[in-house]
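What follows is one structure encoded as C-alpha cells, with my remarks underneath.
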Amino acid sequence: MNASTERDFDAVFAKLIQLRADGLVIGPDALFVSRTEQLAALTVRHEVPAVFEGREFAAAGGLISYGGNSAEAYHLAGIYTGRILKGDKPADLPVQQATTKVQLVINLKTAKLLGINIPNTLIGRADEVIE
C-alpha cells in the first residue's frame with residue numbers, strides 16, 4: 001500500500017479492510033512520522049494490528065513500535081551542533097551512529113481492543129509495556 005499525502009490514508013485503510021489484511025507494517029517516512037497519532041487512531045478504528053518504528057506510535061494507541069530512540073538521536077545532533085557552533089570543524093568530528101539500541105514498545109490496551117494475546121515471552125522482552 002502507498003500513501004503520499006494525508007488524504008490517501010482513508011483509501012489505504014479501506015483497501016486493507018477489503019483485502020482482509022492481518023496486519024500492517026508502516027515504513028519510516030517523514031509523512032508518517034508527522035502523522036503518528038492519526039495513524040495510530042486509524043489502526044485502532046479499523047482494527048488493523050500495526051507496527052511502526054517510533055515509540056510515539058504505541059504511546060498514541062498503536063499496537064507495537066520497534067525502532068531506534070529518537071530522543072537519543074536528537075541529543076547527539078544537539079551535541080554536534082554545539083561543537084560546530086563553538087568552532088569545531090565538521091570534517092574533524094568523528095562519525096557516530098545515532099541509535100545503537102532499538103526499543104520494543106507494546107501497547108497491551110490496544111492488543112486487548114484488537115483481541116490479540118501477546119505472549120508473555122514477548123512482553124518480557126519489551127523495553128516498555130503500556131497497560
Side-chain angles (χ1 to χ4, degrees):
M1 310 290 341
N2 293 310
S4 56
T5 69
E6 182 181 353
R7 292 184 304 273
D8 296 335
F9 291 170
D10 287 330
V12 166
F13 278 90
K15 185 71 171 175
L16 287 170
I17 299 307
Q18 179 186 3
L19 294 171
R20 295 186 178 137
D22 290 328
L24 174 66
V25 176
I26 302 171
D29 182 88
L31 171 65
F32 303 150
V33 170
S34 69
R35 301 288 188 256
T36 299
E37 290 182 14
Q38 180 182 3
L39 288 169
L42 284 166
T43 62
V44 172
R45 182 175 357 134
H46 294 285
E47 298 179 350
V48 177
V51 178
F52 190 46
E53 68 172 343
R55 181 207 172 276
E56 297 78 14
F57 179 73
L63 179 61
I64 294 176
S65 69
Y66 185 72
N69 184 338
S70 298
E72 180 184 332
Y74 294 141
H75 178 75
L76 183 59
I79 291 171
Y80 265 50
T81 302
R83 289 182 64 181
I84 292 167
L85 291 173
K86 290 179 182 177
D88 286 358
K89 293 181 181 179
D92 295 338
L93 295 176
V95 175
Q96 293 186 356
Q97 184 173 344
T99 304
T100 57
K101 180 181 184 278
V102 292
Q103 293 182 321
L104 172 63
V105 181
I106 301 171
N107 189 322
L108 289 181
K109 184 176 172 182
T110 300
K112 183 177 180 180
L113 284 171
L114 297 174
I116 296 172
N117 184 26
I118 306 289
N120 286 334
T121 53
L122 186 58
I123 292 171
R125 291 179 179 253
D127 295 286
E128 181 179 351
V129 176
I130 299 169
E131 298 186 59

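Any value given below was found using the heavy atoms of this structure, including those in side chains, with hydrogens, waters and symmetry copies removed. For the single chain, residues carry numbers from 1 onward in sequence order.
Here CG of D29 is found 5.5 Å from CG of L31. Values are rounded to the nearest 0.5 Å. Separating the CD atom in Q38 from the CZ atom in R45 is a distance of 8.5 Å, to the nearest 0.5 Å. Atom OG of residue S34 and atom CG of residue L39 lie 8.5 Å apart, to the nearest 0.5 angstrom. The distance from the CG atom of L104 to the CZ atom of R125 is 10.0 Å, given to the nearest 0.5 Å. Atom-to-atom distance recorded for E128:CD and R55:CZ is 4.0 Å, nearest 0.5 angstrom. Remark: S65 OG to E53 CD distance equals 9.5 Å, nearest 0.5 Å.
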Stepwise side chain to side chain contact (heavy atoms under 4.5 Å, CB included) check, L16 with H46: CA-CA 9 Å; L16 287 170; H46 294 285; over 6 Å; no

Side chain to side chain contact (heavy atoms under 4.5 Å, CB included) between V105 and I130, intermediate numbers included: CA-CA 7 Å; V105 181; I130 299 169; 3.9 Å; yes

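Without hydrogens or angle criteria, D88 side chain to I84 main chain gives no donor-acceptor distance under 3.5 Å.
L122 places a side-chain heavy atom less than 4.5 Å from the side chain of I106. Within the 4.5 Å cutoff, the side chain of L85 has no heavy atoms near those of the Y80 side chain. Taking 4.5 Å as the limit, some side-chain heavy atom of L113 sits within range of a side-chain heavy atom of V44. Residues E131 and K109 fail the side-chain proximity criterion, which asks for heavy atoms closer than 4.5 Å.
In terms of heavy-atom proximity, A40 sits nearest to G62 at CB-N, 3.5 Å. Across every non-hydrogen atom of A58 and I64, the tightest pair is CB-C, 4.5 Å. Closest heavy-atom contact between P49 and L63: CB-CD2, 3.7 Å. The minimum heavy-atom distance between A3 and V12, with the atom names listed, is CB-CG2, 4.1 Å. The heavy-atom pair separating K15 from M1 by the smallest distance is CG-CE, 3.2 Å. Closest of all the heavy-atom pairs between P94 and R83 is CD-NH1, 4.3 Å.
Relative ring orientation between F32 and F9 is described as tilted, the plane-to-plane angle lying within the 30° to 60° band.
Clustering ILVMFWY residues whenever any of their side-chain heavy atoms sit less than 4.5 angstrom apart, transitively, puts V102 in a cluster other than the one holding Y74. Under a hydrophobic clustering in which Ile, Leu, Val, Met, Phe, Trp and Tyr are joined whenever their side-chain heavy atoms come within less than 4.5 Å, directly or via other members, V48 and L42 fall into the same cluster. Hydrophobic clustering (side-chain heavy atoms under 4.5 Å, transitive across Ile, Leu, Val, Met, Phe, Trp, Tyr) groups Y66 together with L108.
The local environment of CG in N2 is sparse, with at most 12 non-hydrogen atoms from other residues, nucleotides or ligands closer than 6.0 Å.
If you run side-chain contact (heavy atoms from CB on, under 4.5 Å) between F57 and each of V33, V51, N107, T43, only T43 comes through. F52 pairs with exactly one of T36, V25, L24 by the side-chain contact (heavy atoms from CB on, under 4.5 Å) rule, that one being T36.
Salt bridge annotation for K101-D127: present, with a cationic side-chain nitrogen under 4.0 angstrom from a carboxylate oxygen.
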